[in-house]
A.B. asks: 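Supplied in structure tokens, the structure appears directly below.
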Amino acid sequence: MQFLQLDVRNKLPFEPESFDIIHARFIFMHLPNWQKVLENIISLLKPGGWLWIEEVDFWLYDDGPQGLGPSLKVFNKKCLSHSGLRNVDVFTASSLRPVLEGLGSFIEVHNIGMRCPTNGKNIDSNARQMGQVLWAAFRQALKQSKVLQWVADDITSELADEVIQEAEDPLRDVYLQMYMTWSQKK
């Protein structure tokens, strides 16, 4: 087994159709022109090979009766504004299935979404655990003002504290939306 650290935005040093399976986790949401990167990765997959992607929308949701709190609304708005400036997509995860289907490269495209709660509130233990893991990383980055470099300049420590307080409020239903897709190449 060999481990390589490569920049997927550049041409990768592999022959086309040389992999049986390709797995990507939480990378496309950070990339400008992520769909072009995806097409390049797909070209490396053998016919009959599998592409497995895990992504999260970089957006906080709340379907509860209170809806998003004011700090969460401000945070989402700042993320959306900055994503437009950097040509990245905060909704990459929820876009994956239609993009993959639209490419016409796959026999089948499967997709499952999972609400990952930020406050540990969920009957489903898998979603609760995934939410705890995602939120712990997100929370740490937020506290260190490193959520994403392009957002961090606009996130004050006061706003970060308010976002954390609202997201962890047990009376709210705040969550991150994660998607897993697995697709078999034609």
Side-chain angles (χ1 to χ4, degrees), residues 1-63 75-118 122 124 126-127 129-131 133-135 137-138 141 146-152 174-186:
M1 183 176 292
Q2 181 181 15
F3 292 93
L4 302 172
Q5 183 174 344
L6 304 168
D7 185 341
V8 295
R9 296 170 297 177
N10 299 323
K11 181 166 174 36
L12 297 173
F14 307 109
E15 294 296 319
E17 300 184 345
S18 56
F19 289 92
D20 294 312
I21 186 167
I22 296 175
H23 176 239
R25 180 183 295 152
F26 307 139
I27 63 166
F28 294 108
M29 64 187 261
H30 300 290
L31 300 175
N33 305 313
W34 66 271
Q35 293 176 358
K36 181 67 178 156
V37 173
L38 179 62
E39 289 177 36
N40 291 338
I41 289 172
I42 292 168
S43 73
L44 300 174
L45 198 58
K46 292 178 184 178
W50 288 89
L51 177 64
W52 176 22
I53 301 174
E54 297 167 87
E55 281 290 331
V56 64
D57 282 343
F58 196 77
W59 194 259
L60 292 161
Y61 299 89
D62 187 340
D63 293 341
F75 180 79
N76 279 350
K77 185 176 178 181
K78 288 179 181 287
C79 289
L80 191 59
S81 172
H82 285 287
S83 69
L85 295 173
R86 299 219 0 139
N87 195 27
V88 296
D89 183 1
V90 296
F91 301 108
T92 300
S94 53
S95 303
L96 275 170
R97 183 178 191 144
V99 167
L100 290 168
E101 289 173 339
L103 291 172
S105 300
F106 295 97
I107 297 168
E108 53 188 320
V109 176
H110 303 276
N111 179 281
I112 187 169
M114 179 185 296
R115 289 180 175 200
C116 300
T118 59
N122 196 308
D124 182 315
N126 292 327
Q129 288 174 344
M130 183 58 75
V133 170
L134 285 175
W135 180 245
F138 193 96
K146 295 178 183 174
V147 174
L148 288 180
Q149 190 60 45
W150 45 271
V151 177
V174 180
Y175 63 94
L176 296 160
Q177 184 68 40
M178 180 178 167
Y179 290 88
M180 291 170 270
T181 64
W182 59 103
S183 309
Q184 187 176 24
K185 190 173 180 185
K186 289 182 179 176

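Along the sequence shown, residues are numbered consecutively beginning with 1.
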A.B. asks: Just so I know, are the side chains of N40 and V8 near enough to count as touching, which here means a heavy-atom distance under 4.5 Å?
C.D. replies: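 Sidechains of V8 and N40: no contact.
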
A.B. asks: Do I41 and F19 come within less than 4.5 Å of each other through their side chains, counting heavy atoms only?
C.D. replies: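 The answer is no, as the side chains (C-beta and beyond) never meet within the 4.5 Å cut-off.
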
A.B. asks: For K186 versus G104, what's the shortest heavy-atom pair and its separation?
C.D. replies: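 Residues K186 and G104, closest heavy atoms: NZ-O, 3.1 Å.
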
A.B. asks: Could you tell me the separation between the CE atom of M178 and the CE atom of M130, rounded to the nearest 0.5 Å?
C.D. replies: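 So the gap between those two atoms works out to 4.0 Å.
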
A.B. asks: To the nearest 0.5 Å, how far apart are CD in E55 and OG1 in T181?
C.D. replies: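 Those atoms lie 8.5 Å apart.
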
A.B. asks: If I compare all heavy atoms of G48 with all of Q184, which pair ends up nearest, and what's the gap?
C.D. replies: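 Closest approach of G48 to Q184: O-NE2, 3.2 Å.
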
A.B. asks: Which heavy atom of K46 sits nearest to which heavy atom of D20, and what is that distance?
C.D. replies: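 In terms of heavy atoms, the two residues are closest at CD-OD1, 3.2 Å.
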
A.B. asks: Which distance, rounded to the nearest 0.5 Å, do you find between the CG of L100 and the CG of N111?
C.D. replies: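 So the CG of L100 and the CG of N111 are separated by 8.5 Å.
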
A.B. asks: Could you check whether any side-chain N or O of S81 sits under 3.5 Å from a backbone N or O of K78, counting only pairs where one atom can act as donor and the other as acceptor?
C.D. replies: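 Flag not set: sc S81 to bb K78 has no pair under 3.5 Å.
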
A.B. asks: Which atom names give the shortest non-hydrogen contact between C116 and L134, and what distance separates them?
C.D. replies: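 C116 and L134 have their closest heavy atoms at SG-CD1, 3.8 Å.
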
A.B. asks: I would like to know whether W34 and S95 meet side chain to side chain contact (heavy atoms under 4.5 Å, CB included); could you show each step before the answer?
C.D. replies: CA-CA 11 Å; W34 66 271; S95 303; 4.0 Å; yes

A.B. asks: Starting from the C-alpha separation in whole Å, work towards a yes-or-no answer on side chain to side chain contact (heavy atoms under 4.5 Å, CB included) for L51 and L38.
C.D. replies: CA-CA 10 Å; L51 177 64; L38 179 62; 3.9 Å; yes

A.B. asks: Return yes if some donor-acceptor pair links the side-chain N/O of N87 with the main-chain N/O of P32 below 3.5 Å, else return no.
C.D. replies: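 Looks like no, no N/O pair under 3.5 Å.
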
A.B. asks: Roughly how far, to the nearest 0.5 Å, is CD of E54 from CD1 of I27?
C.D. replies: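 CD of E54 is found 11.5 Å from CD1 of I27.
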
A.B. asks: Could you state the interatomic distance from CD (E108) to CH2 (W182), rounded to the nearest 0.5 Å?
C.D. replies: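 Answer rounded to 0.5 Å: 10.0 Å.
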
A.B. asks: Is the side chain of D124 donor-acceptor paired with the backbone N or O of A127 at a distance under 3.5 Å, no angle test?
C.D. replies: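 Yes: the side chain of D124 pairs with the backbone of A127.
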
A.B. asks: Go through the steps to decide whether V174 and W135 satisfy the test side chain to side chain contact (heavy atoms under 4.5 Å, CB included), and finish with yes or no.
C.D. replies: CA-CA 11 Å; V174 180; W135 180 245; over 6 Å; no

A.B. asks: Donor-acceptor check, side chain of D57 to backbone of A93, threshold 3.5 angstrom: yes or no?
C.D. replies: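 Indeed, once roles are kept as given, a pair shorter than 3.5 Å links the two residues.
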
A.B. asks: What heavy-atom pair brings D63 and Y175 nearest, and what distance separates the two atoms?
C.D. replies: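 Minimum heavy-atom contact is OD2-OH, 2.9 Å.
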
A.B. asks: Check the pair L176, L60 against side chain to side chain contact (heavy atoms under 4.5 Å, CB included), reporting the backbone distance first and the verdict last.
C.D. replies: CA-CA 5 Å; L176 296 160; L60 292 161; 3.5 Å; yes

A.B. asks: Considering all heavy atoms of both residues, which atom of G113 and which atom of Y179 are nearest to each other, and what is their separation?
C.D. replies: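 Closest approach of G113 to Y179, heavy atoms only: CA-CD2, 3.6 Å.
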
A.B. asks: If we check ring-ring contact (aromatic ring centres under 6.0 Å, His included) with F58, which of these qualifies: F138, F91, F28?
C.D. replies: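 Exactly one candidate clears the test, F138.
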
A.B. asks: Hey, what do you get for OG (S43) to CG (L12), rounding to the nearest 0.5 Å?
C.D. replies: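 Output value for this atom pair is 8.0 Å.
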
